[in-house]
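This report concerns only the one structure given below.
All values derive from a computational prediction rather than experimental measurement. Keep in mind that the numbers below use all heavy atoms, side chains included, and drop hydrogens, waters and symmetry copies. Numbering starts at 1 and runs along the sequence shown.
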Amino acid sequence: MDVTAVAGLILLIGIIVGIALGVPIAVVIGVTSFLAIFVLLGSDPTITTMNTASEVFTGMNSFTLLAIPFFILAGGLMNHGGIAGRLVDAARVVVGKLPGGLAHTNVVANSMFGAVSGAAVAAAAAVGSVMGPRLERDGYSKSWSTAVNVASAPAGMLIPPSNTFIVYSLVSSTSIAALFMAGVGPGIIWTVAVMAVVALTHKRHKVKESEDAGVSLTLGLAMKTLWRAVPSLLMIVVVIGGILSGLFTATESAAIAVVYCLVLGAVYRTIRLKDLPGILVEAGRTTSIVMLLVGVSSALSFVMAFARVPDLIGDLILGVTANPSMILVIIMVILLLVGTFMDPTPAILIFVPIFAPMIDDLGIDPIHFGTMVVYAFCVGVITPPVGNVLFVGARISGLKIEPVIGKLVPFLIALVIGLFVVVFIPQVSLALPGVLGML
């Protein structure tokens, strides 16, 4: 058997077996890539070790990647800084008296918090801990209110700034600023899809009469509530405005976001000096996981390129259909399935290099493809068996995931419909960066 075929089998079997056994994905990718390189380069342990180490280092040695640890740290500071409560109150004012108002508040608050933190898990934890008790007091079943929180949390992965788009930018060599702007439209589609399901289903999940639904805000109190949230929301203006105006790069904007969050925490008096070591350690731990994934995925990309895996998969799909629309549907179905058992970062690092040549041949804008990919993997983070946002949301509510999954199904259907809106209406993604002259 040809050595490239053997290397491909090592990758395929190794990754499937490793994931099935519950081995950390970074270890699975690293070990299988090492073994595949060992086969490809003539079974010399020294050469294999040097080449693998070189690929891992090259993958992590990127100025662009510096944005990730800074945004992770900024998200940690926000999570400890009492920002979620202020954003929830502001969202309540924005939503007003819509039917199912508190549930809509959860959705809008998650979009706001996700936008300033760029992390779906942080949004689900921070907003869920605030909104869960309120929704329960308002008469909603705990499993449904948890499903609302889980379904709305990933909007922040699409609305800028987003760590997921930074990873895609690294792999696809596309503009981070253009990707950030392209994510706004799909982020709105995601939020509207969840709110539509809330509007259609909230009555059947109200298990008792509301105890506090009649609370109304005066104009003065509403304005005061919005004013309290302005400093938190201004971070989006500072970060994105600075990038668009050319004052600083996306990487520099991440560092500025950290400084802004520290100042905000000091002003709010919610972050104390003794809290900083724990926040820094947690941010360092998360960063190390992401960077290791990036490094070993670089080695994996080397093997796949050497073994012509992208060409083989492209030929396989083209053997099924040559219709560009059907090819996109097949790719999206594959990404949706992959997202159910793999986190977005390794999934992007593995699968974008596979599909990129095919997308280029179809003439699809890589910025538009980036929004498709990130949206599809956003669905994955709330889908069992490995959806981390689903598990975090359930844990915050004190529930097992089984009762939440049943309530989550209508949201998943709406979100998948939203995905294909993004796929087949390119202007949802490309209109804003086009207006801003980024394309």
Can you name the closest pair of heavy atoms from [X] and [Y] and give their distance?
X	Y	result
L77	V258	CD1-O, 3.8 Å
V194	A151	CG2-O, 3.8 Å
P160	M181	CG-CE, 4.1 Å
A74	C261	O-SG, 3.8 Å
A124	V389	CB-CG1, 3.9 Å
A376	L419	N-CD1, 4.1 Å

**OP:** Would you mind listing every side-chain hydrogen bond (donor to acceptor under 3.5 Å, both in side chains) that reaches into residues 408-425, with sequence neighbours excluded?
**Re:** none
Original post:
What pairs of residues pass the side-chain hydrogen bond (donor to acceptor under 3.5 Å, both in side chains) test when at least one of them lies in residues 170-185, not counting sequence neighbours?
Top reply: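 Every side-chain hydrogen bond (donor to acceptor under 3.5 Å, both in side chains) pair that includes a residue of residues 170-185, provided the two are not neighbours, is S172-T174.
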Subject >> Results of salt bridge (charged side-chain N to carboxylate O under 4.0 Å, His left out) for E252 - residues two or more places apart only >> reply: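 For E252 there are no salt bridge (charged side-chain N to carboxylate O under 4.0 Å, His left out) partners, ignoring immediate neighbours.
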Subject >> Those residues that, when tested against D275, pass salt bridge (charged side-chain N to carboxylate O under 4.0 Å, His left out) (two or more places apart) >> reply: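 If we apply the salt bridge (charged side-chain N to carboxylate O under 4.0 Å, His left out) test to D275, skipping adjacent residues, the hits are R272.
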Counting C-beta onward and ignoring hydrogens, is there a side-chain heavy-atom pair between [X] and [Y] closer than 4.5 Å?
X	Y	result
L158	I189	no
L276	L262	yes
V374	L179	no
I29	P346	yes
T251	T249	yes
M131	V148	no
M358	I331	yes
D343	L293	no

**OP:** Could you please spell out the steps behind the side-chain contact (heavy atoms from CB on, under 4.5 Å) verdict for R134 and T105?
**Re:** CA-CA 11 Å; R134 295 189 188 187; T105 299; 5.9 Å; no
Original post:
Near L273 CG, under 6.0 Å, is it more than 12 heavy atoms from other residues, nucleotides or ligands?
Top reply: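 For L273, atom CG is not crowded (no more than 12 foreign heavy atoms under 6.0 Å).
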Original post:
Is the number of heavy atoms from other residues, nucleotides or ligands under 6.0 Å of F420 CZ greater than 12?
Top reply: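 Above 12, so yes.
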Going by side-chain hydrogen bond (donor to acceptor under 3.5 Å, both in side chains), name the residues that satisfy it together with [X], two or more places apart in sequence or in a different chain.
X	result
S429	T371
N106	N149
R269	none
T191	S111

Hey, could you give me the [atom1]/[atom2] distance between [X] and [Y], rounded to the nearest 0.5 Å?
X	Y	atom1	atom2	answer
M438	L432	CE	CG	7.5 Å
L102	E136	CG	CD	12.5 Å
I364	L328	CD1	CG	4.0 Å
T146	Y140	OG1	OH	14.0 Å
I279	I72	CD1	CD1	14.0 Å
T340	I382	OG1	CD1	12.0 Å

Original post:
Run the side-chain contact (heavy atoms from CB on, under 4.5 Å) check on V239 and F71 step by step: do they pass?
Top reply: CA-CA 11 Å; V239 171; F71 277 129; 4.2 Å; yes
**OP:** Output, in order, the C-alpha distance, side-chain angles, deciding distance and verdict of side-chain contact (heavy atoms from CB on, under 4.5 Å) for T201 and W144.
**Re:** CA-CA 10 Å; T201 63; W144 184 77; 3.5 Å; yes
Subject >> Pairwise ring pair (Phe, Tyr, Trp, His ring centres under 6.0 Å) hits with a residue in residues 229-261, at least two apart >> reply: none
Subject >> ring pair (Phe, Tyr, Trp, His ring centres under 6.0 Å) contacts touching residues 146-197 (sequence neighbours left out) >> reply: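 Matches after skipping sequence neighbours: W190-Y375.
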Original post:
With sequence neighbours left out, what residues match V230 under side chain to side chain contact (heavy atoms under 4.5 Å, CB included)?
Top reply: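 Per chain and number, V230 pairs via side chain to side chain contact (heavy atoms under 4.5 Å, CB included) with W227, L234.
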Under the 3.5 angstrom rule, does the side chain of [X] hit a backbone N or O of [Y] as a donor-acceptor pair?
X	Y	answer
T286	E282	yes
S245	G242	yes
S33	G30	no
H368	V422	yes

**OP:** Might you work through the side-chain contact (heavy atoms from CB on, under 4.5 Å) test for F377 and I348, ending with a clear yes or no?
**Re:** CA-CA 9 Å; F377 289 139; I348 288 172; 3.7 Å; yes
Which pairs of donor and acceptor atoms, one on a side chain in residues 400-414, lie under 3.5 Å apart (sequence neighbours left out)?
none

